[in-house]
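First the proteins, then the strands, lettered A, B, ... as listed; each starts at 1.
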Amino acid sequence: MRIVAHLDLDAFFAAVEELERPELARLPLVVGGDPRGRGVVATANYEARRYGIRSAMSCAEALRRCPDAVFLRPRHRTYSEYSRAVWAAVREVVPTVERTGLDEGYLDVGEVAEDFGRARVVAEAVQAAVRGATSLSCALGVASCKVVAKVASDRRKPGGITVVPAGREASFLAPFQVRLLPGVGPRAEARLAGAGIGLIGQLAALTDAELTRLLPGKVGRLLRERARGVDPRPLELTAKSVSIGHEETFERDVSDRERLHEELRRMAGRVAEHLVSSGQVARTVTTKLRYPDFAIRSRSTTLPAGCADGARIGEVACALLDRALADRPGALRLVGVSVSKLETHEQLALA
DNA sequence: TCTGGGGTCCTCCGCCTG
DNA sequence: TCTGCAGGCGGAGGACCC
């Protein structure tokens, strides 16, 4: 019997900060950007959420909602260390794991539990292991496939366990808002709402013709399958990254070409360091621009051979920036550089 | 509200080639 | 040699996720 669990650490960044600084534990706490700048909320603890503060909200808005909140900048290195400890503890209980982020992932519970009743016991053992190793709490959803497990893990937060027995997938999902289905973002939600479709059960019941009209292409068919609780995706145990990039939003929009080039060269250097440390080279360089009206433009080019040289990547990125600004001149809110078509040194040696 | 930074995947279009 | 077509690929953009 295939049984999958989705594990989600509760308010992860904020929970780590509370562990590191226990005096913050009962205060509204926001981890994210500068509340006087252009930053957004990465994570808010449950105390801050009582004021309506949510992830992805601008920090300025979070400050307006709760002027007494404590604002901290994210410390990714510290979170990575806690994350490593969490997943080591999880693997002591369930050896086969797919990490999808620092704070979440899927577990192959079928390996250690032969039925859904026993799966709950395994989920409790995972929670206890995580708490014992790190003092962090997590929520788990257990089901026959990834999408149902993921929706289930969100049901009882913080610290809960939700088990959806086999055969109950579609009826479990049906009453939830479509936006809770992974893959349905603001655009798809708006299109569905325009046709009076608000619940996952209604999405699951759409005819082919209705689906083609509302959500054409592969995406629509995939979302309707998921709404029906059908999701054959296996656990991905060896995730390899496809691209590496770096981008930054300026405090104030920048139009000075020299300054933009300088920033791009600096970011290209960081990207190249990342490439070198992972033993990879890249063939495609992409420069991204965001204008004050939030319009995004990107220009990319593919090099004849793989490259991990920061100066070379910077040079190409600057030329791409110039090309994009020739098409649409103006000040920029953000620039970024990323590389893709990655190859490892082993692959190059084989080629 | 006024929107970061790191990504992935999908779609569309134009170009090239057989 | 020209035309039409299909498929592959690169480039650009959009939607989404954490």
If we take the C1' atom in both B/dC16 and C/dG4, what is their distance in whole Å? 15 Å
Figure out the CD/P separation between A/E273 and B/dG6, and round it to whole Å. 13 Å
Heavy atoms only, 4.0 Å cut-off, all strands: where does A/T286 land among base, sugar-phosphate and nothing? nothing
For the CG atom of A/D231 and the CG atom of A/L222, what is their distance to the nearest 0.5 Å? 7.5 Å
Could you tell me how far apart A/M267 (CE) and B/dG6 (C1') are, to the nearest whole angstrom? 13 Å
How many angstroms lie between atom CG of A/L289 and atom CZ of A/R323, to the nearest 0.5 angstrom? 11.5 Å
Of all heavy-atom pairs linking A/V164 and A/F116, the shortest is O-CE2, 3.4 Å
What one should report as the nearest heavy-atom pair of A/D108 and A/L235 is N-CD2, 3.6 Å
Any side-chain N or O of A/T302 below 4.0 angstrom from OP1/OP2 of C/dG11? yes
Intermediate values then yes/no, salt bridge (Lys or Arg N to Asp or Glu O under 4.0 Å), A/E104 and A/R99: CA-CA 6 Å; A/E104 68 170 275; A/R99 274 184 58 177; over 6 Å; no
Just the rounded figure in Å: distance from C1' of B/dC9 to CG of A/L215. 16 Å
Taking any heavy-atom pair under 4.0 Å as a contact, classify A/V242: base, sugar-phosphate, or nothing. sugar-phosphate
Rounded to the nearest 0.5 Å, what separation is found between the CG atom of A/L260 and the CZ atom of A/R265? 10.5 Å
At under 4.0 Å, does any side-chain N or O of A/H246 touch on OP1 or OP2 of B/dG5? no
Check the pair A/E98 / A/K146 against salt bridge (Lys or Arg N to Asp or Glu O under 4.0 Å), numbers first and verdict last. CA-CA 11 Å; A/E98 174 192 338; A/K146 282 181 166 181; 2.7 Å; yes
Assign each of A/S241 and A/G217 to its nearest nucleotide of DNA chain B by heavy atoms, then name whichever residue's nucleotide is nearer the 5' end. A/S241
Interatomic distance, A/K288 NZ vs B/dG5 C1' [rounded to whole Å]: 8 Å
B/dG4, B/dG7, B/dC10: which one has an atom nearest the side-chain heavy atoms of A/V219? B/dC10
Between C1' of B/dG5 and NE2 of A/H76, the distance in whole Å: 8 Å
Going by number, which of residues 58-66 of chain A have a non-hydrogen atom under 4.0 Å from DNA chain B? A/S58, A/E61, A/R64
Please state how far atom NZ in A/K218 lies from atom P in B/dT8, giving the value in whole angstrom units. 16 Å
On the ring face of A/F294, is A/R333 found with NZ or CZ under 6.0 Å from the centre and within 45° of the axis? no
When you check every protein heavy atom under 4.0 Å of nucleotides 12-18 of chain C, what one-letter string (B, S, -) results, 5' to 3'? SS-SSSS
In whole Å, what is the span from the CG atom of A/L222 to the P atom of B/dT8? 18 Å
Using links of under 4.5 Å between side-chain heavy atoms of ILVMFWY residues, direct or through other members, which residues join A/L29 in one cluster? A/L24, A/L27, A/V70, A/L72
Determine the interatomic distance between C1' on B/dT3 and the same-named atom on C/dC16; round to the nearest Å. 16 Å
Look at all strands and tell whether A/R333 reaches a base, only sugar-phosphate, or nothing, counting heavy atoms closer than 4.0 Å. sugar-phosphate
Closest contact, heavy atoms only, A/E248 versus A/H246: OE2-NE2, 2.9 Å
Does A/D293 or A/R221 map to a spot on DNA chain B nearer the 5' end, using the closest nucleotide for each? A/D293
Answer with base, sugar-phosphate or nothing: what part of the nucleic acid does A/K341 contact at a heavy-atom distance below 4.0 Å? sugar-phosphate
From OH of A/Y51 across to C1' of B/dT1 the rounded distance in Å is 19 Å
